[in-house]
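Worksheet: the structure to be examined is printed underneath.
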Amino acid sequence: MKQFLKTALPITIGVAGILLLTSCAVKIPKGATAVQDFKADKYLGKWYEIARFDYSFEKNLNNATANYSRNDDKSIRVQNRGYNYVKNKWKEATGEARFVNSENEARLKVSFFKPFWSGYNVIDIDEEYQYALVVGNNTKYMWILSRKPEIPDAIKTRFLDKAKSLGFKTEELIWVKHDK
């Protein structure tokens, strides 16, 4: 039994360490490029979620918004909120985002459950910072965001075309409803 513990314990610790490290790895989908010359402070504030894929953590949410602000340590506070129309109650999650490289590149990692981080990559944004296309580590995570509860058709088409060209299954997007 002692020999088993001497062997099993280091292997278990090693595997746990590898799993922890890989869970903290943040990536960008193949072919995608994060926005350069990104203006982080211009991105702060309230965004309406226009479209997303069906994620368990956002299941049955309408009126979904994200609010970004600075923490004292210059990281970004992420506050996501939405109304669960099945449970008839608001759901809220607060996390933290940090830049992967520099604030001039819209490549971030976000965590709602430390030490686990996910990719948050702004791959398209208009000049006025009114509309953004955001993707995660791979083609399973995508959000279309707007400063208002709607988005112009030209921007919608631009974002959908870009996402399709990167392999995103845009026909599976959920278009979020917002009460007016």
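No experiment lies behind these values; they were computed from the predicted model shown. Start at 1 with the first residue, then count along the sequence.
Remark: D73 engages R98 in a salt bridge, criterion side-chain N to carboxylate O under 4.0 Å. Salt-bridge annotation for R70 and D41: present, with a side-chain N of the basic residue lying under 4.0 Å from a carboxylate O of the acidic one. Between K114 and E96 there is a salt bridge, with a side-chain nitrogen of the basic residue lying less than 4.0 Å from a carboxylate oxygen of the acidic one.
Linking ILVMFWY residues whenever their side-chain heavy atoms come closer than 4.5 Å, directly or via other members, leaves V176 and L173 in distinct clusters. Following chains of ILVMFWY side-chain contacts shorter than 4.5 Å, one cannot reach Y48 starting from I174, and the two form parts of different hydrophobic clusters.
No donor-acceptor pair under 3.5 Å is formed between the side chain of R107 and the backbone N or O of V35. Side chain of T157 to backbone of D153: a donor-acceptor contact under 3.5 angstrom is found.
A search for side-chain hydrogen bond (donor to acceptor under 3.5 Å, both in side chains) contacts involving N88 returns nothing, not counting sequence neighbours.
Shown are F168, Y141, Y120; of these, the side-chain contact (heavy atoms from CB on, under 4.5 Å) with V135 is made only by F168.
Residues in residues 166-179 take part in these side-chain hydrogen bond (donor to acceptor under 3.5 Å, both in side chains) pairs, two or more places apart or across chains: N63-D179.
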Checklist entry - Given F38 and Y43, is the ring-ring contact (aromatic ring centres under 6.0 Å, His included) satisfied, shown in steps? => result CA-CA 8 Å; F38 185 66; Y43 192 79; 5.3 Å; yes
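Environment of NZ in K42: crowded, with over 12 heavy atoms of neighbouring residues, nucleotides or ligands closer than 6.0 Å. Surrounding CZ of F113 are at most 12 heavy atoms belonging to other residues, nucleotides or ligands under 6.0 Å away.
Of all heavy-atom pairs spanning K148 and I50, the tightest one is O-CD1, 3.8 Å. Across all their heavy atoms, V26 and G119 have their closest contact at CG1-N, 3.7 Å.
Put simply, CG on N67 and CD on E92 are 9.5 Å apart, with the number rounded to the nearest 0.5 Å. For the atom pair CG (L108) and CD (E103), the distance works out to 8.5 Å, reported to the nearest 0.5 Å. Atoms OH and CG, from Y83 and L61 in turn, are 11.0 Å apart once rounded to the nearest 0.5 Å. Note: N101 CG to Q36 CD = 8.5 Å, rounded to the nearest 0.5 Å. In this structure, CG on L166 lies 5.0 Å from CD1 on I123, to the nearest 0.5 angstrom. Residue D54 holds its CG atom at 13.5 Å from NZ of K140, rounded to the nearest 0.5 Å.
No side-chain heavy atom of N80 sits less than 4.5 Å from a side-chain heavy atom of T65.
In this structure, F57 and Y55 have parallel ring planes: the angle between them is below the 30° cut-off, well short of the 60° mark.
Using modelled atom types and a 3.5 Å distance limit, the side chains of R77 and Q79 yield a donor-acceptor pair. Looking only at atom types and distance, the side chain of Q130 has no donor-acceptor partner in the side chain of D126 under 3.5 Å away.
Aromatic rings from Y129 and W47 are positioned such that their centres are separated by 6.0 Å or more.
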